[in-house]
Each structure stands twice: as C-alpha cells, then as structure tokens.
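Each chain gets a letter, A, B and so on, in the order its sequence line appears, and its residues count up from 1.
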Amino acid sequence: MAETVPSPTPSKVESALLVLFLPSVNRASEPVDQDLWVGRALEFLGETFGGATAFPKGRGVWRDDARGGSLVFDEPVVIQTYTNPKALEDHHGDLLAFLVRLGRETEQGAVGFVLDRVYMEIPFPIEDEKAS
Amino acid sequence: MTNAEIEKIARLMGAKIAGELPDVGHGATGATHLARFYQLRMEELRTQDQAKGSTDANVSATETSKKRAGEELATAVAEAENAVEKLNRAMAAAKRFLGLLASEKPAASGSTPVSSGAGR
C-alpha cells in the first residue's frame, strides 16, 4: 500500500472575502476603460492584501428576460480577494482611496463592494461632480 | 468575519450597507451571481439618477419660465413708461396750445362765443 502523502499546510489562512466590481460603463451608460481599472485593481489588491483573482464578464450570460431579453448595459469584472479583518482595518484607508478614485474617474453613481456576504456602497451624488 | 467587524469596516470607510446577499459560493460561480446582483443594483441607481435628472429639468424649466415672465413684465413696464411719457408730452403740448388760444381771445372780443350755450 502506498504511503500517505502528508497534505501541504497552507502558508496563510484568510477568513474574509472581499469582492470588488469593475464597471464597464459610467453612470450615463457610456463605456469606460475597464481593462485599465482591472489592472489597477489587481495591482492594488496584490500589493495590499497579497493577491486577487479577476473573473471577467461572461458576455451573453445575462440575457435579461425582464427587459424583453435585451442585454444589460453594465458588464462588470468581479475581483475576489481573501483577507482578514485586521488587514482590512489596517488598510481601509487605502481601499477607500482606491474605490473613490475608481468612482470619480469612471463617473459612477456608486461603487459597490462585498465583504463576506454584505454588499456595501460608496455613493457619488451628482452634486459631487458639479462641485469638483 | 462577524457582523460587528463588517459594520466597523463600513463605518471606517463611510460606506453604506445596502444589503446582505445570499450565499452564492466562491470562485467563478459566486462571481457570476455577484455580478448579476451588482448589475441590478446599478440599474436601480441609474433609474434613480434619471428620475432625479428629470426633476431637475422640470425645476429648470420652471425657473426659465419664471425668468421669461419676469423679462416680459419688465418689457411691458418699459413700454407703459414710454406711453406715459408720450402722453405727458402730448398733454403738455395741448396745454401750451390752449394757452395760446386763451391769449388770443381778447383780440377776438365782440365775436360770438363758440360754445356759450345761449339760445337753449
């Protein structure tokens, strides 16, 4: 009988899932440079939380029957990273800065992200754009 | 993460908790479901934006209408002032003319008054 191979021990165990959404359009449904922001997000999450995985949009997956079968207008890239509460607390300022930059430069009404199963938003009211 | 930890991060970042999602799993399948949720949420926000824009347009139209009404009123007042000025000038000219007529009366003494009412 073959010897049992000891299973490798993970170098780190993270307990929190952070999910970012990289939009394909701005608040007026005009296209934004999504590839650029996916690259920036991966770089940021890699440096800050040690890694991330991007799940590109699945074109055609979301035929929207409720809208007469028309294609939905935003096809976000979803980026997942595993982290932990302490790292999130330590780097919340960096994460906020990144999300605010994403929201302002791609002209979003809001930037969404998920922590475990909780969906959160940083809103960008229209008045903000007028003021800036 | 505990709810308290999540709420703390939200508070630190000034983020609004929009809701708790069902457990859609991790990896590609989870990402697909999360993307769908995000799409619906963004659509909802854009609809709110458009509704607000429509309200702003109505307010703007009302303001434009008020401005236009104000301009029309100002024009009407200016025209009325011109008319009054013309009327005053006409009245002044008429008074001068009547004054001239009155000054010429003595030279026409003995003649029959134009409107004496006599004979009635």
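Rounded to the nearest 0.5 Å, atoms CD1 (A/Ile79) and CG (B/Leu34) are 13.0 Å apart. Once rounded to the nearest 0.5 Å, the distance linking CD of A/Glu121 with OH of B/Tyr38 reads 9.0 Å.
Proximity to chain B is limited to the backbone of A/Asn26, based on heavy atoms less than 4.5 angstrom apart. Looking at A/Gln80, only its side chain comes within 4.5 Å of chain B, counting heavy atoms on both sides. Proximity to chain B (any heavy atom under 4.5 Å) is shown, for A/Leu95, by both the backbone and the side chain. Interface residue B/Leu45: only side-chain heavy atoms are found under 4.5 Å from chain A.
Residue pairs meeting the side chain to side chain donor-acceptor pair (under 3.5 Å) criterion with at least one member in residues 46-56 of chain A, sequence neighbours excluded, do not occur.
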Would A/Leu17 and B/Met1 satisfy side-chain contact (heavy atoms from CB on, under 4.5 Å), going step by step from the backbone distance to the final call?
CA-CA 9 Å; A/Leu17 173 66; B/Met1 285 181 82; over 6 Å; no

Walk me through whether B/Glu7 and A/Met120 qualify under side-chain contact (heavy atoms from CB on, under 4.5 Å).
CA-CA 10 Å; B/Glu7 283 168 11; A/Met120 305 185 200; over 6 Å; no

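By the rule that hydrophobic residues join a cluster once side-chain heavy atoms approach within less than 4.5 Å of another member, A/Leu36 and A/Val32 end up as members of separate clusters.
With sequence neighbours excluded, the residues that form a side chain to side chain contact (heavy atoms under 4.5 Å, CB included) with A/Glu105 are A/Trp37, A/Arg40, A/Arg101.
B/Met42 has its side chain out of reach of A/Arg27: every pair of non-hydrogen atoms, C-beta onward, lies at least 4.5 Å apart.
Listed options A/Ile122, A/Val100, A/Val78 were ranked by heavy-atom pairs under 4.5 angstrom with chain B; first place goes to A/Val78.
Residues of residues 111-119 of chain A having a heavy atom under 4.5 Å from any heavy atom of chain B, listed by number: A/Gly112, A/Phe113, A/Val114, A/Leu115, A/Asp116, A/Arg117, A/Val118, A/Tyr119.
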Please tabulate, for the side chains in residues 8-25 of chain B, all donor-acceptor contacts under 3.5 angstrom to protein atoms that are two or more places apart in sequence or on a different chain.
unit_1	atom_1	unit_2	atom_2	d
B/Lys8	NZ	A/Glu89	OE1	3.3
B/Lys8	NZ	A/Glu89	OE2	2.7
B/Asp23	OD1	B/Gly25	N	3.2

